[in-house]
Amino acid sequence: SKKNTIFAPKKIIVMKTIVYTSLCVLFIMMSACHRPMRVVKASGEALMIDSALDAIQDTAYLVSMAPIKADLESQLSIPIGYAPRALEVHQPECTMLNWACDALLAMARQLSPEPVDMAVVNIGGMRCNWGAGDITFRHVFELMPFDNELVVLTMTGKDLLALCDIFAATGGQGVAGLRMEAKGGVVKSAKIADKDILPDAYYTVATSDYLSQGNDGMVPLKNFVAMWKSEKKIRDLYIEYIQQVQTVEAQVDGRMSVVQ
């Protein structure tokens with residue numbers, strides 16, 4: 001009994017050591033035999049996505065989805081406001097961009113804990129015109145099919161003036177709360193609340209989280225010193241704004257005067 005108590009643990013340790021060593025040797029041998037893989041050739045084929053694929057549609061799936069599609073179409077067609085005149089998208093200033101910026105600024109001022117001086121919307125984010133008549137949920141989804149969210153940036157006047165330089169060079173963008181004049185790519189005047197923008201002052205700008213990253217050429221926007229996130233989609237805020245005001249209209253009022 002004494003002999004077993006003394007030597008049995010040592011035998012177990014020796015056996016564990018032998019097993020561990022054997023596994024290590026096996027792993028090394030397998031690793032030595034393994035050859036690293038590398039791509040020697042790659043090819044691809046372009047497939048056209050057109051009506052030719054209609055023949056292979058899953059008809060059973062389409063039938064099962066038909067009631068859902070019909071219900072969605074019905075909801076998208078519900079009027080939420082009325083446009084007495086058409087709203088169109090073009091540079092340097094247009095009714096659609098003015099409406100979108102005015103709506104964004106109004107909703108930002110309702111939601112933000114701090115005052116909001118102005119709003120910026122890129123013309124590339126406006127994907128359609130609206131004709132006169134009823135404005136439905138579908139209109140808003142077609143105008144802005146993105147999930148961009150409202151943010152309010154605190155910026156220096158210096159960066160805001162640099163943004164105005166970009167507006168002048170690119171033919172104009174959507175703004176509210178800001179009035180600027182430019183000729184030949186040079187900014188002649190830039191004002192907020194009828195006062196010249198001061199390089200050392202701070203201003204708050206309502207815009208999208210997408211533009212806040214400096215996208216679409218608006219690099220100065222990413223130089224913000226503070227950001228407030230609404231965590232609300234701009235598309236939803238447009239819908240809410242239309243439901244509040246009912247009448248969808250805007251005028252070209254000279255806020256973005258850019259002459260090349």
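All values derive from a computational prediction rather than experimental measurement.
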For [X], enumerate each residue passing the side-chain contact (heavy atoms from CB on, under 4.5 Å) test, keeping only those at least two apart in sequence or located in another chain.
X	answer
K222	V219
D194	none
L76	L72, F137, R138, F141
A168	M180, A182, V187

For [X] and [Y], work out which heavy atoms get closest and say how close.
X	Y	result
I234	S208	CD1-CB, 3.5 Å
H139	C128	O-SG, 4.4 Å
V152	A108	CG2-CB, 4.4 Å
L104	A206	CD2-O, 4.0 Å
D253	R179	O-NH2, 2.8 Å
G125	F146	O-CE1, 3.7 Å

Problem set entry | Worked check of side-chain contact (heavy atoms from CB on, under 4.5 Å) between Y82 and T247 | CA-CA 5 Å; Y82 181 81; T247 302; 5.8 Å; no
Exercise. Does any pair with a residue in residues 97-109 pass salt bridge (Lys or Arg N to Asp or Glu O under 4.0 Å), and if so which ones, sequence neighbours excluded?
Worked result: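 Listed by first then second residue: D102-R255.
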For this session: If a pair satisfies salt bridge (Lys or Arg N to Asp or Glu O under 4.0 Å) and one of its residues is in residues 199-221, list it, with sequence neighbours excluded.
Result: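 Counting only pairs at least two positions apart or across chains, no salt bridge (Lys or Arg N to Asp or Glu O under 4.0 Å) contact touches residues 199-221.
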Side-chain ([X]) to main-chain ([Y]) donor-acceptor, under 3.5 angstrom:
X	Y	answer
Y203	L198	yes
E181	S257	no
N129	V89	yes
T154	V225	no

[X] vs [Y] side-chain heavy atoms within contact, under 4.5 Å:
X	Y	answer
L111	L237	yes
I80	Y238	no
T136	I78	no
T95	V252	yes
M107	K232	no
L178	L160	no
M118	M155	no
W130	V140	yes

Non-neighbouring partners of [X] that pass side-chain hydrogen bond (donor to acceptor under 3.5 Å, both in side chains), sequence neighbours left out:
X	result
E149	none
D165	none
D196	K191

Exercise. Excluding sequence neighbours, so at least two apart, what forms ring-ring contact (aromatic ring centres under 6.0 Å, His included) with F167?
Worked result: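 So F167 forms no ring-ring contact (aromatic ring centres under 6.0 Å, His included) with any residue.
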Spell out, yes or no, whether [X] and [Y] are grouped together once hydrophobic residues are joined by side-chain heavy atoms under 4.5 Å, including indirect joins.
X	Y	result
V245	L150	yes
V205	L105	no
L163	Y210	yes
M218	I123	no
L161	V258	yes

Exercise. Which ILVMFWY residues can you reach from I49 by hopping between side chains whose heavy atoms are under 4.5 Å apart?
Worked result: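 L53, I56, all in the cluster of I49.
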For this session: List, by chain and then residue number, the residues other than I166 in its hydrophobic cluster (Ile/Leu/Val/Met/Phe/Trp/Tyr, side-chain heavy atoms under 4.5 Å); write none if there are no others.
Result: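 Once heavy-atom contacts under 4.5 Å are chained together, I166 still belongs with nothing else.
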Please report the interatomic distance [atom1]([X]) to [atom2]([Y]), rounded to the nearest 0.5 Å.
X	Y	atom1	atom2	answer
I135	Q243	CD1	CD	13.0 Å
Q57	L62	CD	CG	5.0 Å
L153	K229	CG	NZ	11.0 Å
N223	T156	CG	OG1	7.5 Å

Exercise. Regarding Q110 and E240, is there a side-chain donor-to-acceptor distance under 3.5 Å anywhere?
Worked result: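 No, no side-chain donor-acceptor pair sits under 3.5 Å.
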Exercise. Side chains of E93 and N98: donor-acceptor distance under 3.5 Å anywhere?
Worked result: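 N98 and E93 do have a side-chain donor-acceptor pair below 3.5 Å.
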Exercise. Can you list the steps and then say if R235 with N148 is a side-chain contact (heavy atoms from CB on, under 4.5 Å)?
Worked result: CA-CA 8 Å; R235 179 179 58 240; N148 297 340; over 6 Å; no
Exercise. Any chance CD of E231 has more than 12 other-residue heavy atoms, nucleotides or ligands included, within less than 6.0 Å?
Worked result: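 No - once you tally the heavy atoms of other residues, nucleotides and ligands closer than 6.0 Å, there are 12 at most.
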Exercise. C101 pairs by side chain to side chain contact (heavy atoms under 4.5 Å, CB included) with which of V121, V120, T207?
Worked result: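 When V121, V120, T207 are each tested with C101, the side chain to side chain contact (heavy atoms under 4.5 Å, CB included) holds only for V121.
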